[in-house]
Peer 1: 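This structure is in structure tokens; I'll ask about it shortly.
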Amino acid sequence: MSSPKAATARSGTGPLDSFFKISARGSTIGREVRGGLVTFFTMAYIVVLNPLIIGTVKDGDGQFVGGGTDPAIAIAKIAVATALVAGVVTILMGLVANFPLALATGLGLNAFLAFSVATKMTWADAMGLVVLEGLIILILVLTGFRKAVFEAVPLQLKIAISVGIGLFITFIGVIDAGFVRRPAALTGPPVELGVEGHLRGWPVLVFVFGLLLIVILYARKVKGAILIGILAATALSVVIETIGNIGARTEKNPGGWGLSVPKLPDHWFTKPNLDTIGEFNLFGSFEKIGVVSALLLIFSLMLADFFDTMGTMTAIGAEAGLNDKDGIPPNSQRILIVDSVAAAAGGAASVSSNTSYIESASGVGEGARTGLASVVTGICFLISMVVAPLVTLVPYEAATPALILVGFLMMTQVKGIDFDDLEVAFPAFLTIVLMPFTYSISAGIGAGFVAYVILKVVRGKARQVHPLMWVVAALFVIYFAIGPLTDWLT
């Protein structure tokens, strides 16, 4: 005779199921846990990469992040703070928005801040800009403007955003794995297969092994296919590094590992240093570069964050089958609120703006459908603050195969676009191709929106364009012209 607890677990009416609506969304606790783990392993690289980007750059006062003069100390501090903020805001996304979406320091924005902004002011001043940008977006969310813009976007352009992101994460995957690379020579194609047209090194073979294993397991409908593939590829990586001592990928060692070398660390635990928390100066940038220049920088950061998240949550919701008939995910207002808070939190912790990660799609591919997966991912980030191997043990080559499979799954949505209708087909095309070609979700969205408005106007259908689409298209025109405007003003 079964116990009451067993009956409750089988019927899907336990407290976890009730809070996260796991059964209602066609999932299980096991799937959510696996999905959360997969998302973590796929995006854990940010804890290693973010410190290497912003921790090794001197600001306008000649100081490293945190005001020190030792980059090694800055890197250690940033790694801990990066994991802390990512963990907290990802858990917040799970609990508040109940959506399988993880957040962490945004790539691209962190490099822009480090190499283009912080050199003109202190790092604390630059982080003040990020906090202001996050607060402005939060106001736009609370007033309903951000959600209204999202709802004004035509459904087929939302589909195009999902497809474009699918190609984008596929491109990220093959580049990070070293399967596709930028040629050493200045002449010739911008990218090529491996090194000079040939695959080089054991790490690339680990990537191929991981990809084939994941696809085979997925085709055989094996539960946990993506997680099994990542763990198996990681184990193979450790064995290969132990035997062959491959080392990191460099110009002299093109066959090395992409970011982290998969070897067992000397120390399994680290003591977290949280000195960067609160290292920001809200209005310091206005004094250093002037009000107009500071406002232009805030606008650039804001527009990138604004539409990156819109595209990401659309794509994740579509892949999970959670979007409604208009392509809108459940709890979209709450998702946007958490994302806005995360942007400001990243600045307040001095690790750059935090934003939604498209790598969350890998967890969705594993079966995640609720915020429980985000809670699992967030807990893993918090654990990584003190347990070093969680982050350093999984190389790019073992994690990125997941992105390839998920990219394929997202690409299948392209059949929802009417390519016989030029007014939507060409904007959709620009959205899809420019995301990977420009390495920017916002650039693809912006080009598609501007093209959509222009084609409607030239065909005499301007009245069919939603008023907010006019506003957004105009903002993107300014966004694309921000470089020349800044150069002219300075």
Side-chain angles (χ1 to χ4, degrees), residues 46 49-82 84-85 104-139 273-306 308 340-355 440 442 475 478-490:
I46 191 60
L49 187 56
N50 191 43
L52 294 179
I53 292 175
I54 68 177
T56 57
V57 177
K58 291 183 178 180
D59 63 20
D61 284 358
Q63 301 288 303
F64 292 100
V65 174
T69 58
D70 187 347
I73 295 176
I75 287 172
K77 291 179 180 178
I78 296 166
V80 171
T82 298
L84 172 64
V85 178
T105 300
L107 282 175
L109 284 180
N110 58 355
F112 170 68
L113 287 163
F115 297 108
S116 299
V117 178
T119 55
K120 303 173 184 177
M121 60 188 76
T122 68
W123 181 254
D125 294 336
M127 291 300 96
L129 287 172
V130 173
V131 174
L132 286 172
E133 171 253 330
L135 294 176
I136 291 172
I137 292 182
L138 179 59
I139 292 172
N273 184 326
L274 301 175
D275 285 353
T276 65
I277 306 298
E279 290 289 334
F280 68 97
N281 184 351
L282 206 58
F283 297 104
S285 58
F286 289 79
E287 299 176 4
K288 293 290 178 61
I289 61 174
V291 174
V292 175
S293 295
L295 290 175
L296 284 175
L297 286 173
I298 291 174
F299 175 77
S300 298
L301 295 170
M302 185 180 71
L303 209 62
D305 262 349
F306 193 103
D308 271 11
S340 305
V341 170
S350 207
V351 295
S352 185
S353 176
N354 272 233
T355 188
S440 168
S442 292
L475 291 174
I478 298 172
Y479 175 72
F480 289 130
I482 207 78
L485 281 173
T486 303
D487 293 340
W488 177 68
L489 288 169
T490 56

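These values consider heavy atoms only, across backbone and side chains, with no hydrogens, waters or symmetry-generated copies.
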Peer 1: Given side chains that start at C-beta, do those of Leu301 and Val117 come closer than 4.5 Å, heavy atoms only?
Peer 2: no
Peer 1: Determine the minimum heavy-atom distance between Ala114 and Ile54, stating which atoms define it.
Peer 2: CB-CG2, 4.0 Å
Peer 1: Using the side chain to side chain donor-acceptor pair (under 3.5 Å) criterion, which residues pair with Ser440? Sequence neighbours excluded.
Peer 2: none
Peer 1: Taking side chain to side chain donor-acceptor pair (under 3.5 Å) as the definition, give me every residue that meets it alongside Ser352, ordered by chain and number, with sequence neighbours left out.
Peer 2: none
Peer 1: Can you confirm whether Glu133 sits close enough to Ile136 that some side-chain heavy atom of one is under 4.5 Å from a side-chain heavy atom of the other?
Peer 2: no
Peer 1: Does the side chain of Phe280 reach to within under 4.5 Å of the side chain of Val130, using non-hydrogen atoms?
Peer 2: no
Peer 1: Working to the nearest 0.5 Å, report the span between CG of Asn110 and OG1 of Thr355.
Peer 2: 11.5 Å
Peer 1: Do you know the tightest heavy-atom contact between Ser442 and Tyr479?
Peer 2: CB-OH, 4.3 Å
Peer 1: For Gly347 and Val131, which heavy atoms make the closest approach, and how far apart are they?
Peer 2: C-CG2, 3.6 Å
Peer 1: Measuring from atom OG1 of Thr276 to atom CD1 of Ile78, what distance do you get when rounded to the nearest 0.5 angstrom?
Peer 2: 7.5 Å
Peer 1: Applying side-chain contact (heavy atoms from CB on, under 4.5 Å), name anything that partners Ala76, two or more places apart in sequence or on another chain.
Peer 2: none
Peer 1: Look only at the side chain of Ser353 and the backbone of Gly346, and say whether a donor-acceptor pair between them is shorter than 3.5 Å.
Peer 2: no
Peer 1: Looking at every heavy atom in both Phe299 and Leu475, which two are closest together, and how far apart are they?
Peer 2: CZ-O, 3.6 Å
Peer 1: Pick out which of Thr122, Ile298, Leu129 makes a side chain to side chain contact (heavy atoms under 4.5 Å, CB included) with Ser285.
Peer 2: Leu129
Peer 1: As a test of understanding, state which of Asp275, Leu274, Ile277 forms a side chain to side chain contact (heavy atoms under 4.5 Å, CB included) with Lys77.
Peer 2: Asp275
Peer 1: Does the side chain of Asn50 pick up a donor-acceptor pair with the side chain of Thr82 at under 3.5 Å?
Peer 2: yes
Peer 1: Any side-chain heavy atom of Met127 within less than 4.5 Å of one from Leu113?
Peer 2: yes
Peer 1: Quick one: CG on Asp125 to CD1 on Ile289, what's the gap to the nearest 0.5 Å?
Peer 2: 9.0 Å
